[in-house]
Amino acid sequence: MLQFLVRRLIGAVVIMFLIGAFTFFLFYTIPQDFAELSCGKNCSPENIAVIRENLGLDKPITAQFWEFMTGIVAGRDFAQGHCSAPCLGMSFDSGEFVWDSIMDRFPLTLSLTVGGLVIFLILGLGSGLLAAWKRGTAADKLVSGASIVLSSFQIYFLGPIVLGILVYQSGIMDNPSYKPFTENPVTWAIGLLIPWLVMATIFTAQYTRMSRSTMIEQLQEEHVRTARAKGMKQRYVFFRYAWRGSLIPIVTILGMDLSALLSGAVVTEFTFDLAGIGRLAVDSSLTKDLPVTMGVMLFGAFFILLLNILVDLAYAYIDPRVRLS
């Protein structure tokens with residue numbers, strides 16, 4: 001296990017370096033004067049020269065790349081002050097450090113992800129297990145049919161409908177908003193309830209179908225049939241043997257979904273006008289704020305790598321037949 005972790009961590013560091021190099025040269029080699037972007041309109045040549053020097057844009061491209069990569073590990077000095085590690089540069093638009101901007105938006109994106117995750121896992125896995133348990137019955141057909149219908153919806157389609165019904169027409173709820181959990185947990189939950197429900201509706205359909213199909217496959221495995229032949233109760237066999245083995249493909253998909261949501265739920269945040277990491281990525285691309293765009297890309301890549309490692313570790317815990325080496 002330890003050797004596996006060491007190898008995966010070393011591989012993750014190498015991948016992060018390659019992603020950082022790719023994004024840096026992709027953005028910084030395009031024919032665009034970043035000092036002019038940072039300075040804005042009607043900017044004098046003298047101001048552009050000062051900005052270019054302050055941002056280090058007057059140095060060779062290799063020196064800029066070295067400062068960028070070392071800044072992630074050890075921090076970096078700008079004319080405006082010291083940027084502590086992990087330093088992802090300074091925004092052309094706001095003049096703030098990119099890492100600080102991401103951390104300001106991260107709690108909202110994390111809240112969206114965790115809340116939606118809890119709801120759609122409970123509903124998706126629960127309904128999928130029910131359909132597998134009652135296979136062939138009316139309950140199975142109802143759950144399967146509902147999951148097929150719900151899987152055709154998208155957040156940008158269902159979100160405005162829910163807002164129109166619950167907020168604008170009936171006035172049952174207010175517009176989605178974000179209040180930090182530490183300040184008021186109740187207001188935090190109420191403000192994000194509509195996005196959670198919409199996300200849960202979309203993802204529940206996927207996890208219902210998957211949990212049902214994988215559970216039915218597990219019920220046909222030899223070790224499950226052997227447990228039945230030994231006279232074990234159906235409920236015990238269902239949850240002790242079949243359910244645990246059916247989690248592996250679900251955990252795989254969950255790792256990919258969770259990393260995508262954490263790295264920036266663009267559609268969700270835009271649909272409900274929430275200022276998270278996804279909204280930050282879109283705004284930075286529209287204003288050509290390349291340091292912020294690069295920072296969000298690296299931040300998302302980090303979470304994808306981290307969650308992939310956690311998914312691999314979860315395999316060995318869920319299924320003892322899986323061995324990490």
Legend entry - Point-to-point distance, once rounded to the nearest 0.5 Å, from CZ of R76 to CD of E67: 5.0 Å

Legend entry - Donor on one side chain, acceptor on other, E96 and S101, under 3.5 Å: yes

Inset, instruction - Flag yes if I148 and V143 sit in one hydrophobic cluster, no otherwise; membership is Ile, Leu, Val, Met, Phe, Trp, Tyr, and two members link when side-chain heavy atoms are under 4.5 Å apart. - result: no

Inset, instruction - Taking all non-hydrogen atoms of both residues into account, name the closest pair between V98 and S91 and its distance. - result: CG2-N, 4.0 Å

Inset, instruction - Show which residues join V186 in its hydrophobic cluster (side-chain heavy-atom contacts under 4.5 Å, direct or indirect), or state none. - result: I190

Inset, instruction - Check whether any side-chain heavy atom of I277 lies under 4.5 Å from a side-chain heavy atom of I102, and answer yes or no. - result: yes

Inset, instruction - Could you note down all residue pairs passing disulfide (SG to SG under 2.5 Å) where residues 116-183 supplies at least one of them, sequence neighbours left out? - result: none

Inset, instruction - Enumerate the residue pairs fulfilling disulfide (SG to SG under 2.5 Å) with a member in residues 89-193, sequence neighbours excluded, ordered by first and then second residue. - result: none

Inset, instruction - Drop me the distance from K179's NZ to S111's OG, to the nearest 0.5 angstrom. - result: 13.5 Å

Inset, instruction - Check whether L305 and F17 end up in the same hydrophobic cluster, where Ile, Leu, Val, Met, Phe, Trp and Tyr are linked by side-chain heavy atoms less than 4.5 Å apart. - result: yes

Legend entry - Where at least one partner belongs to residues 61-111, residue pairs that pass disulfide (SG to SG under 2.5 Å), sequence neighbours excluded: C83-C87

Inset, instruction - Calculate, to the nearest 0.5 Å, the distance between atoms OH and OG belonging to Y207 and S147 respectively. - result: 14.5 Å

Inset, instruction - Please report the closest heavy-atom contact between V73 and A85, naming both atoms and the distance. - result: O-CB, 3.2 Å

Legend entry - Hphob cluster co-occupancy, I304 + V13, side-chain heavy atoms under 4.5 angstrom: no

Inset, instruction - State whether the side chain of E269 and the backbone N or O of G278 hold a donor-acceptor pair below 3.5 Å, judged by distance alone. - result: yes

Inset, instruction - Check whether any side-chain heavy atom of L88 lies under 4.5 Å from a side-chain heavy atom of L298, and answer yes or no. - result: yes

Legend entry - salt bridge (Lys or Arg N to Asp or Glu O under 4.0 Å) contacts in which one or both residues fall within residues 188-216, not counting sequence neighbours: D140-R212

Inset, instruction - Would you check if I253 and Q206 make a side-chain contact, meaning some heavy-atom pair closer than 4.5 Å? - result: yes

Inset, instruction - Would you please indicate if the ring centroids of F270 and Y156 are separated by under 6.0 Å? - result: no

Legend entry - Heavy-atom donor-acceptor pair, T109 side chain to F106 backbone, under 3.5 Å: no

Inset, instruction - Kindly work out whether a path of hydrophobic side-chain contacts (I/L/V/M/F/W/Y, heavy atoms less than 4.5 Å apart) joins M294 to W66. - result: no

Legend entry - Pairwise side-chain contact, I250 with S211, heavy-atom cut-off 4.5 Å (strictly under): yes

Inset, instruction - Find the distance between CZ (F203) and CD1 (I155) and round it off to the nearest 0.5 Å. - result: 5.5 Å

Inset, instruction - Please report the shortest heavy-atom distance between A275 and R279, naming the atom on each side. - result: CA-CB, 4.2 Å

Inset, instruction - Return the set of residues passing ring pair (Phe, Tyr, Trp, His ring centres under 6.0 Å) with F302 (not counting sequence neighbours), or none when no residue passes. - result: none

Legend entry - Pairs meeting criterion salt bridge (Lys or Arg N to Asp or Glu O under 4.0 Å) with involvement of residues 98-126, two or more places apart: none

Inset, instruction - Any chance you could measure I202, atom CD1, to Q154, atom CD, to the nearest 0.5 Å? - result: 6.0 Å

Inset, instruction - Can you sort out the partners of F272 under ring pair (Phe, Tyr, Trp, His ring centres under 6.0 Å), two or more places apart, ordered by chain and number? - result: none

Inset, instruction - Would you list the pairs meeting disulfide (SG to SG under 2.5 Å) in which at least one residue belongs to residues 176-214, sequence neighbours left out? - result: none

Under 3.5 Å, side-chain donor or acceptor atoms of residues 120-135 against the rest of the protein: list the pairs with distances, not counting sequence neighbours.
from, atom 1, to, atom 2, distance (Å)
S127, OG, L123, O, 2.6
S127, OG, G124, O, 3.2
S127, OG, T208, OG1, 2.7

Legend entry - Linked, directly or transitively: L193 and Y168 (ILVMFWY side chains, under 4.5 Å): yes

Legend entry - 4.5 Å side-chain heavy-atom contact, N175 and D273: no

Legend entry - Heavy-atom side-chain contact between I194 and L163 under 4.5 Å: yes

Legend entry - Test item: side-chain donor near acceptor, T293 and S285, under 3.5 Å: no

Legend entry - Any F157 side-chain heavy atom under 4.5 Å of I161 side chain: yes

Legend entry - Check: T23 side chain, G20 main-chain N or O, donor-acceptor pair, under 3.5 Å: yes

Legend entry - Close side-chain approach of T268 to V198, heavy-atom, < 4.5 Å: no

Inset, instruction - To the nearest 0.5 angstrom, please state how far the OH atom of Y178 sits from the CG atom of L274. - result: 10.5 Å

Legend entry - Listed partners of A63 passing side chain to side chain contact (heavy atoms under 4.5 Å, CB included), at least two apart: K59, P60

Inset, instruction - Output all residues satisfying ring pair (Phe, Tyr, Trp, His ring centres under 6.0 Å) with F65, sequence neighbours left out; order by chain, then residue number. - result: F24, F25

